[in-house]
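Worksheet: one structure, shown below.
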Amino acid sequence: MHASTTYTAAEGAGYERNMGRWSRQLALPFLDFAGTGARERVLDVGCGTGALSAQLLACEASCEVHAVDLTPAYVAHAHRHLPPPRPALAVGDACALPYRDGVFDRVLSLLVLHFVPRPAQAVAQMVRVARPGATVAAAVWDARGGFVAGRMFFDTAAALDPGAAQQRARNFTRPMTRPGELAAAWREAGLVEVEQTQVGIRMVFADFEDYWSPYLGKDGPAAAYVGGLDAAARARLEAAMRAAYLDGEADGPRAYAALAWAVKGRVPPA
């Protein structure tokens, strides 16, 4: 695992099943909060498979969008699958962004900073590449209090396995996920006009297989946990997760609330 992330990354299709499909939905309310502008130069930090960049270009095609992610497989997936107009994609580290100082009108990050072990360094980099007066904005899941699908997984796993309880503790205490934490980080980075709010979606699963199958991949912390179980333990967890998902009804669609903390601020004028 790279020193600049605690996220287990493997392949673009796995990320899409685990998180990309939800990033795509969350991108719109996040952009409603973070704002867009015609002909802006915008940076998407930790772009994954490109959900935020694609939504940004759909909202404002005149923007010049640059997108960077630490995982080459995610960037390659975005190259192959994003429709035109495409962002300028690059492999790079949020803690050492490969861009010059003060070149972007808007710097955005969606569902990334809670996986950065040194988030203040990533925020400082976002501020560095933003011009005076630019908007810098980010969102992360409210993992402890607002992310039902993830909470259901980790609470069920922790009831079966003390090791999962440790995983749950790590997942629910990630940086930037507590109330007010993003806003405090933005102010500490020297940004002004700082606002924090919550944005949210409904995660709609077609059936239990749709909910469970991403955990059998190799992308994300829950999948990493499942991948470390032996066959018997994995079967016990799957049975318990099925019972939690069905919750007294026949298999079929379920819709779970998913809330994210969002923050924005401005780089002070020169």
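Keep in mind the model is a prediction, meaning the values are calculated, not measured.
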Quiz item: Aromatic rings Tyr211 and Tyr256: how do their planes relate, parallel, tilted or perpendicular, breaks at 30° and 60°?
Solution: perpendicular
Self-check item: Non-hydrogen atoms of Pro214 and Arg17 that approach each other most closely
Solution: CG-O, 3.5 Å
Quiz prompt | Donor-acceptor side-chain pairing of Asn171 and Tyr225 below 3.5 angstrom | solution = no
Self-check item: Side-chain donor/acceptor of Thr156 to backbone N/O of Ala240, under 3.5 Å
Solution: no
Quiz item: With no hydrogens and no angle check, is any side-chain donor or acceptor of Asp219 less than 3.5 Å from a backbone partner on Glu11?
Solution: yes
Practice problem: Look only at the side chain of Arg144 and the backbone of Thr177, and say whether a donor-acceptor pair between them is shorter than 3.5 Å. | Solution: no
Practice problem: Assert yes or no for the condition that the ring centre distance of Phe33 to Trp261 is strictly below 6.0 Å. | Solution: no
Quiz item: Heavy-atom distance under 4.5 Å between the side chains of Val267 and Arg131, does that happen here?
Solution: no
Quiz item: Heavy atoms, side chains only, cut-off 4.5 Å: are Pro87 and Asp44 in contact?
Solution: no
Quiz item: Are any non-hydrogen side-chain atoms of Ser23 and Leu52 less than 4.5 angstrom apart?
Solution: no
Quiz item: Is the closest side-chain heavy-atom distance between Leu70 and Asp93 below 4.5 Å?
Solution: yes
Practice problem: Quick one: pull up CZ in Arg41 and SG in Cys63 and give me the separation to the nearest 0.5 Å. | Solution: 12.0 Å
Exercise. For side chain to side chain contact (heavy atoms under 4.5 Å, CB included), just list the numbers for Val112 and Asp69, CA-CA rounded to whole Å, side-chain angles, deciding distance to a tenth of an Å, and then say yes or no.
Key: CA-CA 10 Å; Val112 174; Asp69 197 90; 5.7 Å; no
Practice problem: Indicate the ring-plane relationship of Phe172 and Phe154, choosing parallel, tilted or perpendicular according to the 30° and 60° boundaries. | Solution: perpendicular
Quiz item: Ignoring hydrogens and geometry, is there a side-chain-to-backbone donor-acceptor pair from Gln125 to Leu97 under 3.5 Å?
Solution: yes
Practice problem: Just jot down the salt bridge (Lys or Arg N to Asp or Glu O under 4.0 Å) partners of Arg242, sequence neighbours excluded, or say none. | Solution: Glu238
Quiz prompt | Short side-chain to backbone donor-acceptor contact, Asp207 and Asp251, under 3.5 Å | solution = no
Quiz item: Under the criterion ring-ring contact (aromatic ring centres under 6.0 Å, His included), which of Phe147, Phe205, Phe30 is the partner of Trp22?
Solution: Phe205
Exercise. Heavy atoms only: give me the nearest Leu28-Cys59 pair and the separation to one decimal.
Key: CD1-SG, 4.0 Å
Exercise. Return the minimal non-hydrogen interatomic distance between Ala222 and Phe153, and the atom names on each side.
Key: CB-CE2, 3.5 Å
Quiz prompt | Side-chain heavy atoms of Met241 within contact of Trp212, under 4.5 Å | solution = yes
Exercise. Please name all residues satisfying salt bridge (Lys or Arg N to Asp or Glu O under 4.0 Å) with Asp101, sequence neighbours left out, ordered by chain then number.
Key: Arg128
Quiz item: What residue pairs, at least two apart or across chains, pass salt bridge (charged side-chain N to carboxylate O under 4.0 Å, His left out) with a residue in residues 169-180?
Solution: Arg178-Glu181
Show me the donor-acceptor pairs, under 3.5 Å and distance only, between side chains in residues 185-201 and residues at least two apart or in other chains.
| residue | atom | partner | partner atom | Å |
| --- | --- | --- | --- | --- |
| Trp186 | NE1 | Val136 | O | 2.8 |
| Gln196 | OE1 | Ala183 | N | 2.8 |
| Gln198 | NE2 | Asp142 | OD2 | 3.1 |

Quiz item: Considering only heavy atoms from C-beta outward, does the side chain of Leu111 approach that of Tyr7 to under 4.5 Å?
Solution: no
Quiz item: Nearest 0.5 Å, what's the CG-CD distance between Leu31 and Gln55?
Solution: 6.5 Å
Self-check item: Side chain proximity check, Glu60 to Val65, heavy atoms < 4.5 angstrom
Solution: no
Quiz item: By salt bridge (Lys or Arg N to Asp or Glu O under 4.0 Å), which residues pair with Glu16, not counting sequence neighbours?
Solution: Arg24
Practice problem: Say whether, by atom type as modelled, one donor and one acceptor occur between the side chain of Arg254 and the main chain of Leu246 under 3.5 angstrom. | Solution: yes
Exercise. Apply salt bridge (Lys or Arg N to Asp or Glu O under 4.0 Å) to Arg118 and list each qualifying residue two or more places apart in sequence or on a separate chain.
Key: none
Quiz item: Does one hydrophobic cluster hold both Val91 and Leu43, with members joined at side-chain heavy-atom distances below 4.5 Å?
Solution: no
